[in-house]
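Below: one structure, written as structure tokens.
One-based numbering along the sequence shown. Side chains included, hydrogens not; waters and symmetry mates left out as well; all remaining heavy atoms used. One-based numbering, in listed order, for ligands and for the atoms of each.
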Amino acid sequence: MLCLGIESSCDDFAMALVRDEGIIAENIASQSNIHAVFGGVVPELASREHLRSVPSLFDELIDQAGVVPQDIDLVAVTRGPGLLGSLLVGLGFAKGLVLSIGSEFIGVNHLIAHLLAPGLDEDLEFPALGLLISGGHTQIYLMDSGYEYRLLGRTLDDAVGEAFDKTAKLLNLPYPGGQYIDALALMAEADPELFPLPYLDNQNLNFSFSGLKAAVARYIQKNPHFSLQEFAFEPDVEKLAANRPEIARVCASFNSCVALTLYKKVARALKGCPQVRSLIVAGGVAANSMIRDMMSKLSSDFSVRLTLPRQSLCMDNGSMVAYSGMLYAKAGYFHHLGVEAVPRGKVIPWDYCQRSP
Ligand code: KG4
Ligand code: ZN
């Protein structure tokens, strides 16, 4: 089966061609430079840029793979959750393509696609505990398979990636700032007294990062010189850590707070789910060095296998959408072309058409 995966839920437009054996070709149009200066994604700019990049992105992908559009058996597209305008561009293109080539079609849940992404490199082991940490979501799932899962916990306010990006903005680092905080944090010692571990004094599996964000904001308000005077699109983190060690220390303290909080909540979830055989950690923030180390400690503490996507599969990408779509299609799930986009904050309906696999 040759599957085209299309991802356009936020500010990146990504496409990939995947076969049973693995990834054939990938292409991505990143808008980081457009949104960097705003400290977050501007939805209208994102969808307009998507519309501009689709045709050339698709042509290049097809050329790179040495196939023609009619070779595609299945078109899988992210149907949500995400920015509505951005999703509509991907869905509109996918539906038009399906009408012209007559392939099968499936709308993919972006969150589940993130969690299944490491399946492109290794067999996933179920039942699994899935920790999804991205720019828009922080969730814990109990997964019996790729299509049988239950939400155990979620953030009550900011997503973990949002907390990274807002902290970066307070320091006057470019958007998305997670990667810079990660790099700076590696070059300093964390001060455990600087910020509180957020929302642990309870028995549930939910998260809340707004208190931590507010603590960082208060700290920087009291110490305004911590915010960089000059904005750089691509800051030299080594130079920065050497010249401004106090900023690197804020990053290390914040990063360690987040990593420890994730450790404690996931440990609580693992205690409650002794049947779990593996821990899958996915989403853009799964690229974070301190969090990867903490998750690896967790997996040895609880003797469960740790499954982490390689760095390139942590961020939004077309391959995870194609892979997830293929898995569902092989299990007999498809969509009619009437499938709708689902914006962030709304639950993705289970509205597949089912055939015998
Ligand atoms: O999954 P993703 O590409 O997009 C969403 O679906 O949201 O995640 C993007 C998020 C951003 O908030 C970005 O700052 C964060 O992932 N991120 C990181 C790192 N790399 C990306 N956060 C912490 N450490 C990193 N190394
Ligand atoms: Zn994502």
* Could you list who else is in Y199's hydrophobic cluster, with ILVMFWY side chains joined at under 4.5 Å, directly or through other members? => L156
* To do: Heavy-atom contacts with G135 under 4.0 Å: which atoms of ligand 1 show up? List them by number with element.
  => 5 (C), 7 (O), 8 (O), 9 (C), 10 (C), 12 (O)
* To do: Identify the protein heavy atom lying closest to atom 23 (C) of ligand 1, giving its residue, its atom name and the separation to 0.1 Å.
  => N288 ND2, 3.5 Å
* Taking the side chain as every heavy atom from C-beta outward, state whether F93 and V89 have any pair of such atoms under 4.5 Å apart. => no
* Heavy atom of the protein closest to atom 18 (C) of ligand 1 (residue, atom name, distance) -> G178 CA, 3.6 Å
* Can you name the residues that form a ring pair (Phe, Tyr, Trp, His ring centres under 6.0 Å) with Y333, not counting sequence neighbours? -> Y147, Y328, W350, Y352
* Asked: Got more than 12 heavy atoms from elsewhere within 6.0 Å of CD, E238?
  -> no
* Step through the shown structure and confirm whether more than 12 heavy atoms of other residues, nucleotides or ligands are within 6.0 Å of CD on E234. => no
* What residues form a ring pair (Phe, Tyr, Trp, His ring centres under 6.0 Å) with Y219, not counting sequence neighbours? -> F195, F226
* To do: Say whether C10 and ligand 1 are in contact under the criterion: heavy-atom distance to a ligand atom below 4.0 Å.
  => no
* Structure fact -> Among non-hydrogen protein atoms, atom 12 (O) of ligand 1 lies closest to D165 OD2, 2.7 Å
* Under 4.0 Å from a heavy atom of H114: give me the atoms of ligand 1 that qualify, with their elements. => 1 (O), 6 (O)
* Taking 4.0 angstrom as the limit, do K346 and E340 come out as a salt bridge? -> no
* Asked: Near G161, which atoms of ligand 1 are under 4.0 Å from a heavy atom of that residue?
  -> 12 (O)
* Distance criterion under 2.8 Å: protein N/O/S atoms around the Zn ion (ligand 2) -> 3
* Structure fact -> Residue, atom and distance of the protein heavy atom nearest atom 3 (O) of ligand 1 read D316 N, 3.1 Å
* N-O pairing of E49 and R52 below 4.0 Å -> yes
* Taking only heavy atoms of M315 into account, list the atoms of ligand 1 that are under 4.0 Å away from them. => 3 (O), 20 (N), 21 (C)
* H50 and F13: CA distance, side-chain angles, deciding distance, ring-ring contact (aromatic ring centres under 6.0 Å, His included) verdict -> CA-CA 6 Å; H50 281 344; F13 203 114; 5.2 Å; yes
* Asked: Is the count of non-hydrogen atoms from other residues, nucleotides or ligands lying under 6.0 Å from H336 atom NE2 greater than 12?
  -> no
* Structure fact -> Looking only at protein heavy atoms, what sits closest to atom 1 (O) of ligand 1 is G284 N, 2.9 Å
* Within a distance under 4.0 Å of any heavy atom of G136, pick out the atoms of ligand 1 and give their elements. => 7 (O)
* Contact between H137 and ligand 1, counting heavy atoms under 4.0 Å? -> no
* Distance-only N or O hit between ligand 1 and F164, under 3.5 Å -> no
* Any donor-acceptor pair under 3.5 Å from E189 side chain to D191 backbone -> no
* More than 12 heavy atoms from other groups under 6.0 Å of CD on E21 -> yes
* Structure fact -> Among non-hydrogen protein atoms, atom 26 (N) of ligand 1 lies closest to D182 OD2, 2.9 Å
